[in-house]
Amino acid sequence: MKVLDRRESVELCTESGWSAYDMILDGKMDRETILELGKLGDLTYLEMLKQPFYRIEQNFYMIKGLQGADRLRVAMLMGHEEILERVEQVIACRETC
């Protein structure tokens, strides 16, 4: 799977020093990719829901989305934008590594 596009999120949080981006995927987020992304922080994965939800938190960023969706949101404290590349690498590596 690949990230097709990275769009600045409509949820503005810059006044608090955070920015957020929506990553548009060329496929649907699956359980295995969620678990791999979970290694980037503390994973909350509500798999028992009708549409499972996940959130990965670390002091400087948060990744969240729905299993089966073709997008996810990454929010980070200003200056920690490298997490965007790390997320893209994990998603791409699911097929190639």
Hey, could you give me the [atom1]/[atom2] distance between [X] and [Y], rounded to the nearest 0.5 Å?
{"X": "Asp42", "Y": "Glu57", "atom1": "CG", "atom2": "CD", "result": "7.5 Å"}
{"X": "Glu82", "Y": "Phe60", "atom1": "CD", "atom2": "CZ", "result": "9.5 Å"}
{"X": "Lys28", "Y": "Gln67", "atom1": "NZ", "atom2": "CD", "result": "11.5 Å"}
{"X": "Trp18", "Y": "Met78", "atom1": "CH2", "atom2": "CE", "result": "10.5 Å"}
{"X": "Met76", "Y": "Gln58", "atom1": "CE", "atom2": "CD", "result": "12.0 Å"}
{"X": "Ile63", "Y": "Tyr54", "atom1": "CD1", "atom2": "OH", "result": "8.0 Å"}

Is there a side-chain contact between [X] and [Y] in this structure, where contact means two heavy atoms from C-beta onward sitting under 4.5 Å apart?
{"X": "Thr33", "Y": "Met1", "answer": "yes"}
{"X": "Pro52", "Y": "Leu46", "answer": "no"}
{"X": "Arg71", "Y": "Leu25", "answer": "no"}

Verify same cluster id: [X], [Y] (apolar side-chain graph, 4.5 Å):
{"X": "Met62", "Y": "Leu84", "value": "no"}
{"X": "Val90", "Y": "Ile83", "value": "yes"}
{"X": "Leu66", "Y": "Val87", "value": "no"}

Report task. Report the C-alpha distance between Arg86 and Leu40 in whole Å, list the side-chain angles of each, state the deciding distance to 0.1 Å, and finish with yes or no for side chain to side chain contact (heavy atoms under 4.5 Å, CB included). Result -> CA-CA 9 Å; Arg86 290 178 61 200; Leu40 297 176; 3.3 Å; yes
Query raised in the report: Can you check side chain to side chain contact (heavy atoms under 4.5 Å, CB included) on Asp5 and Met23, steps first, answer last?
Result: CA-CA 6 Å; Asp5 194 13; Met23 293 185 161; over 6 Å; no
Report task. Identify whether the distance between the nearest side-chain nitrogen and carboxylate oxygen of Lys2 and Asp26 falls below 4.0 Å. Result -> no
Report task. Identify whether the distance between the nearest side-chain nitrogen and carboxylate oxygen of Arg6 and Glu88 falls below 4.0 Å. Result -> yes
Requested in this report: Say whether, by atom type as modelled, one donor and one acceptor occur between the side chain of Glu36 and the main chain of Ile34 under 3.5 angstrom.
Outcome: no
Requested in this report: Run the numbers on Leu72 and Met29 for side chain to side chain contact (heavy atoms under 4.5 Å, CB included), then give the verdict.
Outcome: CA-CA 8 Å; Leu72 60 102; Met29 184 61 71; 3.2 Å; yes
Query raised in the report: Do Tyr61 and His80 pass the side chain to side chain contact (heavy atoms under 4.5 Å, CB included) test, and can you show the C-alpha distance, the side-chain angles, and the key distance before you say yes or no?
Result: CA-CA 8 Å; Tyr61 58 82; His80 293 275; 5.5 Å; no
Query raised in the report: Picking from Leu37, Ile56, Leu35, what satisfies side chain to side chain contact (heavy atoms under 4.5 Å, CB included) with Tyr45?
Result: Leu35
